[in-house]
Amino acid sequence: MHPSRSTVLLTGSTGVIGTSLLPALAARHDVTALVRNRKPDGPAACVEGDLTAEGLGMSTSERRELAAEIDIIVHCAGLTGMAPPDPTAFDTVNVEGTRSILHLAEEARVPVLLLSSAAAAFQVPGEDLTARCMRAYSSSKRRAEELAAHCSQPVAVVRPALLFAARNATTAPLHQFPHALIAALLQGRAGGLPVNPDHWCDVLPIELLVDYLTALTDALLRGDSSAATLHWVTAGQARLTAADMERACLDYLTETGRPPTGPLLAPPVASRPRSHGMARIAQLGFQPPEHPALPCHLDRLLPGQLTRQNALEALARSVRLCAA
């Protein structure tokens with residue numbers, strides 16, 4: 001490790017966000033990845049740890065040694081599956097895992113960048129399995145934020161939007177709502193996917209999130225007192241509608257000589273409520289037009305906000321990726 005560089009402890013280094021964030025952090029700092037099973041592909045030292053185990057599965061001496069070596073913790077690890085077999089797993093990973101990370105930060109006396117989710121702000125209605133899982137996820141993120149509020153060390157909480165795949169991605173991320181939705185639209189569900197075309201969701205190119213997290217890490221390391229607050233990293237006013245997604249898929253299918261025989265979207269039928277599958281996930285994942293756009297704090301640390309044109313370009317790239 002370079003003596004003049006800070007050391008970042010990164011969790012979730014093999015996840016969708018961590019995979020893109022690791023090289024960006026490593027370009028500026030020494031990075032130690034907390035790993036359980038799989039090691040990241042990238043310039044990082046690795047230390048074994050388990051978010052679901054007491055004391056991160058480390059001995060007191062191991063944890064003390066790690067605490068002495070780090071200058072900041074960037075906590076990106078979390079359970080994000082749309083419908084895990086056991087919804088209580090969200091609390092085990094997202095809440096108790098965060099509690100362990102915050103305890104380590106207090107022991108090391110270092111700041112924390114906590115990756116939460118914009119979902120923490122939503123109350124998901126319904127008692128079907130899909131709704132219960134999504135509600136359990138959003139609740140776990142709120143509880144993690146509550147733990148952060150009581151930490152003795154500075155904590156920056158980041159609520160990112162949904163994410164489009166990285167520009168250099170060769171495959172669509174598994175179990176990510178935007179790409180699962182695009183794949184369903186491209187497949188052409190009989191009668192169309194039951195989502196109102198004017199309903200919207202907030203999706204951000206992952207590069208913007210990585211740039212923001214990198215800048216926020218630097219701000220915390222500088223001791224910037226304004227950094228330890230809530231940060232919304234979203235598309236904001238550049239949010240996309242279901243109609244935008246349908247149009248991008250229609251354009252691609254037409255360009256590749258596979259024009260659909262029917263609509264890709266269809267108005268939901270109240271007499272036929274959905275309780276599972278992509279149709280239900282899509283209904284819960286989109287917001288009605290009267291719901292205000294999510295806050296966006298990109299311009300706190302980056303040159304500006306996301307434009308609608310940028311969002312549409314990222315959407316078109318993701319459609320091609322999902323079709324590959």
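Numbering of residues begins at 1 and proceeds along the displayed sequence.
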Derivation of the side-chain contact (heavy atoms from CB on, under 4.5 Å) call for Leu193 and Leu264
CA-CA 6 Å; Leu193 197 66; Leu264 303 186; over 6 Å; no
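- When side chains are defined from C-beta on, Val110 counts as touching Ile73, because their heavy atoms get closer than 4.5 Å.
- Listed for the Ser6 side chain is no donor-acceptor partner under 3.5 Å among the backbone atoms of His29.
- Counting only heavy atoms from C-beta outward, the side chains of Val158 and His297 never approach each other to under 4.5 Å.
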Audit row: Tyr252, Arg247, side-chain contact (heavy atoms from CB on, under 4.5 Å) steps and yes/no:
CA-CA 9 Å; Tyr252 176 83; Arg247 172 49 54 194; over 6 Å; no
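- Residues Leu115 and Leu25 fall within the same hydrophobic cluster, defined by Ile, Leu, Val, Met, Phe, Trp and Tyr side chains chained together at heavy-atom separations under 4.5 Å.
- Separating the CZ atom in Arg63 from the OG atom in Ser100 is a distance of 8.5 Å, to the nearest 0.5 Å.
- In this structure, OG1 in Thr7 is found 4.5 Å from CG in Asp30, a value given to the nearest 0.5 Å.
- Under a hydrophobic-cluster definition in which Ile, Leu, Val, Met, Phe, Trp and Tyr are linked whenever side-chain heavy atoms come within less than 4.5 Å, directly or via other members, Ile17 and Leu220 are assigned to the same cluster.
- A donor-acceptor contact shorter than 3.5 Å links the side chain of Asn94 to the backbone of Leu79.
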Would you mind writing out the side-chain donor-acceptor pairs for residues 36-46 within the sub-3.5 Å range, not counting sequence neighbours?
{"residue": "Arg38", "atom": "NH2", "partner": "Thr14", "partner atom": "O", "Å": "3.4"}

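- Taking CD from Glu54 and NE2 from His103, the interatomic distance works out to 10.5 Å, rounded to the nearest 0.5 Å.
- Criterion: ILVMFWY side-chain heavy atoms under 4.5 Å apart, direct or through other members. Under it, Leu21 and Leu221 are part of a common hydrophobic cluster.
- Ionic pairing of Glu69 and Arg64 is not present here: no N-O contact between side-chain nitrogen and carboxylate oxygen is shorter than 4.0 angstrom.
- Note that the SG atom of Cys76 and the CG atom of Leu213 stand 6.0 Å from one another [nearest 0.5 Å].
- Closest approach of Leu181 to Ala282, counting heavy atoms only: CD1-CB, 4.0 Å.
- Contact annotation: the side chain of Leu284 approaches that of Arg280 to within less than 4.5 Å [non-hydrogen atoms, C-beta and beyond].
- Proximity of a side-chain donor or acceptor of Arg142 to a complementary backbone N or O of Phe122 within less than 3.5 Å is detected.
- Other residues, nucleotides and ligands place more than 12 heavy atoms under 6.0 Å from the CD atom of Glu106.
- With hydrogens and angles disregarded, a donor-acceptor distance shorter than 3.5 Å links the side chain of Ser138 to the backbone of Arg135.
- Salt bridge status for Asp218 with Arg222: absent, with no side-chain N to carboxylate O gap under 4.0 Å.
- Between Arg239 and Asp202, none of the side-chain N atoms (NZ, or NE/NH1/NH2) sits under 4.0 Å from a carboxylate O, so this pair counts as no salt bridge.
- With Arg5 contributing its side chain and Ala26 its backbone, the two residues share a donor-acceptor pair below 3.5 Å.
- Nearest approach of Pro289 to Asp198, heavy atoms of both residues: CG-OD2, 3.5 Å.
- In this structure, the side chain to side chain contact (heavy atoms under 4.5 Å, CB included) partners of Cys322, at least two apart in sequence or on a different chain, are Ala172, His179, Ile182, Leu186.
- Every pair passing ring pair (Phe, Tyr, Trp, His ring centres under 6.0 Å) that includes a residue from residues 197-216 is listed here, sequence neighbours excluded: Trp200-His291, Tyr212-His231.
- Neither Leu113 nor Leu102 shares a network with the other; the hydrophobic side chains, linked directly or stepwise wherever heavy atoms of I, L, V, M, F, W or Y lie under 4.5 Å apart, form separate groups for each.
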Let me see the working for Val203 and Leu163 under side-chain contact (heavy atoms from CB on, under 4.5 Å), right down to the final yes or no.
CA-CA 5 Å; Val203 194; Leu163 297 169; 5.6 Å; no
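- Side-chain contact between Pro197 and Thr241: absent, with no pair of heavy atoms (C-beta onward) separated by less than 4.5 Å.
- With rounding to the nearest 0.5 Å, the separation of CG in Leu250 from CZ in Arg258 is 12.0 Å.
- With respect to the salt-bridge test (charged N to carboxylate O, under 4.0 angstrom), the residues Arg143 and Glu146 do not qualify.
- Counting heavy atoms from C-beta outward, Leu294 and Gln287 have side chains that stay 4.5 Å or more apart.
- Side-chain polar atoms of Asp251 and Thr254 form no donor-acceptor pair below 3.5 angstrom.
- Between Phe164 and Ser318 the shortest heavy-atom distance is CD2-OG, 3.2 Å.
- In this structure the side chain of Val47 never reaches within 4.5 angstrom of the side chain of Val35, judged on heavy atoms.
- A 4.5 Å side-chain heavy-atom check between Leu66 and Leu9 finds at least one atom pair inside the cut-off.
- Open room surrounds CZ on Arg167; 12 or fewer heavy atoms of other groups in view lie less than 6.0 Å from it.
- Side chain of Arg159 to backbone of Ala118: no donor-acceptor contact under 3.5 angstrom is found.
- Closest approach of Cys201 and Phe177 over heavy atoms only: SG-CE2, 4.4 Å.
- Side-chain atoms of Ser13 do not come within 3.5 Å of backbone N or O of Leu10 as any donor-acceptor pair.
- Val155 and Leu209 are assigned to two separate hydrophobic clusters, defined by single-linkage of ILVMFWY side chains at heavy-atom distances under 4.5 Å.
- One finds the CZ atom of Phe90 at 6.0 Å from the SG atom of Cys133 (value rounded to the nearest 0.5 Å).
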Kindly indicate, with the supporting measurements, whether the criterion side-chain contact (heavy atoms from CB on, under 4.5 Å) is fulfilled by Val8 and Asp71.
CA-CA 6 Å; Val8 178; Asp71 298 296; over 6 Å; no
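- Using modelled atom types, one side-chain atom of Glu62 and one backbone atom of Ser59 make a donor-acceptor pair closer than 3.5 Å.
- The shortest distance between side-chain heavy atoms of Val74 and Val31 does not fall below 4.5 Å.
- The two residues Leu114 and His75 have their closest heavy-atom pair at CD1-CD2, 3.5 Å.
- Of all non-hydrogen atoms in Glu246 and Leu185, the two that sit nearest each other are N-CD1, 4.3 Å.
- Proximity of a side-chain donor or acceptor of Gln237 to a complementary backbone N or O of Ala293 within less than 3.5 Å is not detected.
- Counting only distance, with no hydrogens or angles, the side chain of Ser140 and the backbone of Tyr137 share a donor-acceptor pair below 3.5 Å.
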Dump the intermediate steps for salt bridge (charged side-chain N to carboxylate O under 4.0 Å, His left out) on Glu96 and Arg99, then the final yes or no.
CA-CA 5 Å; Glu96 297 309 317; Arg99 190 191 305 275; 2.9 Å; yes
